[in-house]
Amino acid sequence: MSVSARPIEGRTTAASEGEVVVFLIGMRINSFAAVRSWWPVARAMGPMLKELAQDPDSGLLGYRALLAGPREVQLVQYWESAEKLLAYAAAPDRKHHPAWSAFNRRLREGRGRVGFWHETYVVPAGAYESIYMNMPKSGLGKAKGVTPVTPRGNRAATRLRIS
């Protein structure tokens, strides 16, 4: 998100109705002195995100980077489907595959100096909600666009289709 993005007044929700895949990925620096262990890992994500952003058929809808303290960086990604996420991860001609191979080599050699994690959530239609109040487009709303929250959808229980 651009720092200069203007807030949208009022309450909005993501203009997303179908299934969404949320992919969380993070890196933790366990030893700041071991720059050769963690710096290449940190640098690898940018080219992958650029590659995905330039390919509208990749399935990546959007992402946001987060700092989780002085040692950890996290990335939240929104995908069209688990199939597209997994296809990108396994494609030998895309940037992820060689970066993953190099990372695994470094991980074995690094003796715990850098940590890595990821989680994938396939969220069915109707099983998620989003509310943004006086915010620029953010998160899933930035990935899929936003729409005003109408009185009919004013309650979280209504938006989540639960009683």
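Quick caveat: nothing in here was measured; it's all calculated off a predicted structure.
The environment of NZ in Lys95 is sparse: at most 12 heavy-atom neighbours from other residues, nucleotides or ligands sit within 6.0 Å.
Here the CD-OG1 distance, from Glu17 to Thr13, works out to 10.0 Å after rounding to the nearest 0.5 Å. Separation of atoms CZ (Arg94) and OH (Tyr88) is listed at 5.5 Å; rounding is to 0.5 Å.
A side-chain donor-acceptor contact under 3.5 Å links Gln77 and Trp79. Between Ser16 and Tyr128, the side chains place a donor N or O and an acceptor N or O closer than 3.5 Å (distance only, hydrogens not considered).
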**Item:** Worked check of side chain to side chain contact (heavy atoms under 4.5 Å, CB included) between Gln74 and Leu24
**Value:** CA-CA 7 Å; Gln74 300 176 358; Leu24 308 175; over 6 Å; no
**Item:** Test log, rule side chain to side chain contact (heavy atoms under 4.5 Å, CB included), inputs Tyr78 and Val22
**Value:** CA-CA 5 Å; Tyr78 302 96; Val22 181; 4.2 Å; yes
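Residue Tyr63 forms a side-chain contact (heavy atoms from CB on, under 4.5 Å) with just one option from Ile25, Leu49, Leu52, and that option is Leu49.
Between Met135 and Val146, every side-chain heavy-atom pair lies at or beyond the 4.5 Å cut-off.
Without hydrogens or angle criteria, Asn134 side chain to Glu9 main chain gives no donor-acceptor distance under 3.5 Å. Proximity of a side-chain donor or acceptor of His96 to a complementary backbone N or O of Ala89 within less than 3.5 Å is detected. Using modelled atom types, one side-chain atom of Arg71 and one backbone atom of Ile29 make a donor-acceptor pair closer than 3.5 Å.
Val73 and Phe32 fall into different hydrophobic clusters, where Ile, Leu, Val, Met, Phe, Trp and Tyr residues are linked whenever their side-chain heavy atoms come under 4.5 Å apart, directly or through other members. Cluster annotation: Val122 and Leu75 are assigned to the same hydrophobic cluster (Ile/Leu/Val/Met/Phe/Trp/Tyr, side-chain heavy-atom contacts under 4.5 Å, transitive). Residue Leu86 is not grouped with residue Met48 when hydrophobic side chains (ILVMFWY) are merged at heavy-atom distances under 4.5 angstrom, including chains of intermediate members.
Contacts classified as side chain to side chain donor-acceptor pair (under 3.5 Å) and involving residues 29-45 (residues at least two apart or in different chains) are given here: Arg28-Asn30.
What you find for Tyr132 and Ala14 is that their closest heavy atoms are CE1-N, 3.7 Å.
Partners of Phe103 by ring pair (Phe, Tyr, Trp, His ring centres under 6.0 Å), not counting sequence neighbours, listed by chain and number: Trp100, Phe116. Listed by chain and residue number, nothing satisfies the salt bridge (charged side-chain N to carboxylate O under 4.0 Å, His left out) test with Arg113 (two or more places apart in sequence, or in another chain).
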